[in-house]
Protein chains: 2
Amino acid sequence: MRLVVADCSIDYAGRLTAHLPMARRLIIVKADGTVVVHADQGHKALNWMSPPCAIAERPDGWTVTGAKGETLDIAIAEIHADIAYHLGREPGLLKTGSEAELQMLLAQQPEVIEAGARLIQREYPTDLGPVDLLLRSAADETLVVEVKRVAELAAVEQLSRYLERLDGLGSMRGILVAQTIKPQTRVLAEARGIGCVEVDFEMLAGRAVPDLTLF
Amino acid sequence: MRLVVADCSIDYAGRLTAHLPMARRLIIVKADGTVVVHADQGHKALNWMSPPCAIAERPDGWTVTGAKGETLDIAIAEIHADIAYHLGREPGLLKTGSEAELQMLLAQQPEVIEAGARLIQREYPTDLGPVDLLLRSAADETLVVEVKRVAELAAVEQLSRYLERLDGLGSMRGILVAQTIKPQTRVLAEARGIGCVEVDFEMLAGRAVPDLTLF
DNA sequence: ACGTTGAGATTGCCG
DNA sequence: CGGCAATGTCAACGT
């Protein structure tokens, strides 16, 4: 990893074009070839180029060319630091609390969605894409469940498409399950006869393994 | 901007939780208080904390606490570098080629969408949100145009909502205009009687100002 | 390889 | 301040 602090102006040309006026910035060249430009604010890079890319270095700046012909032109007025470190391999990030995990927890305890509900299948395939959860209600209806962390309008439409596609498989209801359901989303869902259930991830995760933790 | 190269393991707890095993990484503390952790691959940060946040520094590591109670725990085994630079203010990024610019160019030359079409209005307001472009066709139909850089299924749904909402304003057709229209999107659009037009940004931009450039 | 979906999404806009 | 949509989205996963 090479760290360069320099006064520079930058032009990117690819799917879009972007320009950065002259200012002092941090330029990082990573071991995998990635070039990243950071300002002193925010966690996102101002500009970058992903490998594979070629770096042509001149006294007055760099031209970085990407695989699809994108270019990152860095005009350098003055270099204030240019240092390198060896970092080694990154073991990688482990995440929990994702939508995939929420779906798994709901599959293990479908009664949280509706009393008496039993799991038929997770990721039930349709030709419009997989239905997150397919349940059987206490009254023997098919429950088509869409799981989101945050449910917005598009989730209602996605679920509506599934319901339309599965129409004819007997008595059926759609249910939107999310940690957060936005107000307008709730309105549209209810207008279409789709149920709304808000769930708490911590609570689900806590209830998921009571047999293991309580003894 | 403070740059720290250190062997560290990291735990984040917020909306989700994430863990990074011990490895050598770059930790950046920016002037605005942002803390960012980078590996030697990729342009995105492994972990970060946005300001306002509080950094508690101990010999064995840092605990960074965010405004909503999220924590970033950085356990430090060894520090290999710890240097600081003053970068100053970032003038900011200027982009061209965005969807907004595409929409503007199409408003200036609606005949690219369909021969004989004239502009009625840009950003025509409805209570479901603004219609990108409203045109009048050569045959005096109203053309409801949705502009996207990349058109996916949701764009068809969005346009369908507008068409449903505007129903009754006379003869009407929906048209999806994008630099890229995905295959399934095209299928759904045509099934609903919505037209599909792919346009090239460079070509549009080139045709937009012939009077200025050709003189 | 291609297509689809999720993201600590973030960020910016407009009401 | 909340809702909504764009992003050089990227990255992961399934067909």
Side-chain angles (χ1 to χ4, degrees), chain A residues 11-18 34 36-37 41-50 53 66-72 92-93 95-103 123 125-130 132 146-155 158 178-188 201, chain B residues 11-19 34 36-37 41-50 66-72 92-93 95-103 123 125 127-130 132 146-155 157-158 161 178-180 182-185 187 201:
Chain A
D11 283 284
Y12 169 80
R15 288 282 290 266
L16 58 68
T17 63
T34 303
V36 202
V37 180
Q41 302 102 40
H43 84 270
K44 292 181 74 171
L46 292 166
N47 275 121
W48 67 95
M49 186 69 77
S50 299
C53 60
K68 285 160 269 176
E70 329 91 278
T71 56
L72 190 64
L93 188 62
K95 294 180 183 180
T96 66
S98 63
E99 184 192 303
E101 212 174 331
L102 181 60
Q103 189 198 112
E123 298 285 347
T126 76
D127 46 7
L128 291 175
D132 287 341
E146 177 67 29
V147 179
K148 289 272 182 255
R149 237 166 18 82
V150 180
E152 302 183 14
L153 289 182
Q158 195 179 349
Q179 291 179 263
T180 309
I181 300 178
K182 299 210 173 186
Q184 292 202 7
T185 302
R186 191 179 288 271
V187 170
L188 181 64
F201 182 87
Chain B
D11 284 284
Y12 169 80
R15 289 281 291 263
L16 58 65
T17 63
H19 174 72
T34 303
V36 200
V37 180
Q41 302 101 38
H43 84 271
K44 292 179 75 171
L46 293 166
N47 276 120
W48 68 93
M49 185 69 76
S50 298
K68 286 161 269 177
E70 330 91 279
T71 56
L72 189 66
L93 188 63
K95 295 181 183 180
T96 65
S98 62
E99 186 198 306
E101 213 173 331
L102 181 61
Q103 189 200 110
E123 299 284 349
D127 47 6
L128 290 176
D132 287 341
E146 177 66 29
V147 179
K148 289 269 182 258
R149 236 169 20 85
V150 180
E152 303 183 16
L153 290 182
E157 307 281 13
Q158 193 180 351
R161 280 203 301 273
Q179 291 178 264
T180 309
K182 300 212 171 182
Q184 291 202 5
T185 303
V187 170
F201 182 85

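Labels below follow one simple rule: chain letters A, B, ... track the order of the sequence lines, proteins then strands, and each chain is numbered from 1.
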Audit row: Tyr12(B), Lys95(A), side chain to side chain contact (heavy atoms under 4.5 Å, CB included) steps and yes/no: CA-CA 9 Å; Tyr12(B) 169 80; Lys95(A) 294 180 183 180; over 6 Å; no

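- Judged by closest nucleotide on DNA chain D, Thr185(A) is the one of Asn47(A) and Thr185(A) placed further toward the 5' end.
- Dashed line: the shortest gap from a side-chain N or O of Lys95(B) to OP1 or OP2 of dG8(D) is under 4.0 Å.
- Toward the 5′ end of DNA chain D lies the nearest nucleotide of Leu153(A), the other residue of the pair Leu153(A) and Met49(A) mapping further downstream.
- Between the CD atom of Gln41(B) and the P atom of dC10(D) there is a distance of 17 Å, rounded to whole Å.
- For the pair Asp132(A)/Glu99(A), a side-chain contact is recorded, criterion being any heavy-atom separation below 4.5 Å from C-beta on.
- Phosphate contact (OP1/OP2 of dG6(C), side-chain N/O of Lys148(A), threshold under 4.0 Å): present.
- Between the P atom of dA1(C) and the NZ atom of Lys182(B) lies a distance of 17 Å, rounded to the nearest Å.
- Nucleotide dG8(D) holds its C1' atom 9 Å from the NE2 atom of His43(B), rounded to whole Å.
- Residue-level contact check: Ser98(A) touches the backbone only, with heavy atoms under 4.0 Å from sugar-phosphate atoms and none from bases.
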Lys44(B) and Trp48(A): side chain to side chain contact (heavy atoms under 4.5 Å, CB included), yes or no, with the steps? CA-CA 10 Å; Lys44(B) 292 179 75 171; Trp48(A) 67 95; over 6 Å; no

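- Among the heavy atoms of the strands, none lies under 4.0 Å from Pro130(A).
- When the C1' atom of dA6(D) is taken as reference, atom CD of Gln103(B) falls 12 Å away, rounded to whole Å.
- Of the candidate nucleotides dT10(C), dG3(D), dT5(C), dT5(C) has the atom nearest to the side chain of Glu152(B).
- Taking 4.0 angstrom as the limit, Arg149(B) places a side-chain polar atom (N or O) nearer than this to OP1 or OP2 of dT7(D).
- Rounded to whole Å, the distance from OH on Tyr12(B) to P on dA7(C) is 13 Å.
- Separating the CZ atom in Arg186(A) from the CD1 atom in Ile181(A) is a distance of 5.0 Å, to the nearest 0.5 Å.
- Here the closest heavy-atom approach between residue Lys148(B) and residue Gln158(B) is recorded as NZ-OE1, 3.2 Å.
- One can place CD of Gln158(B) at 6 Å from P of dA6(D), the figure rounded to the nearest angstrom.
- Following rounding to the nearest Å, Leu46(B) (CG) and dG8(C) (P) show an atom-to-atom distance of 12 Å.
- Rounded to an integer number of Å, the gap from CD of Glu99(A) to P of dA7(C) is 5 Å.
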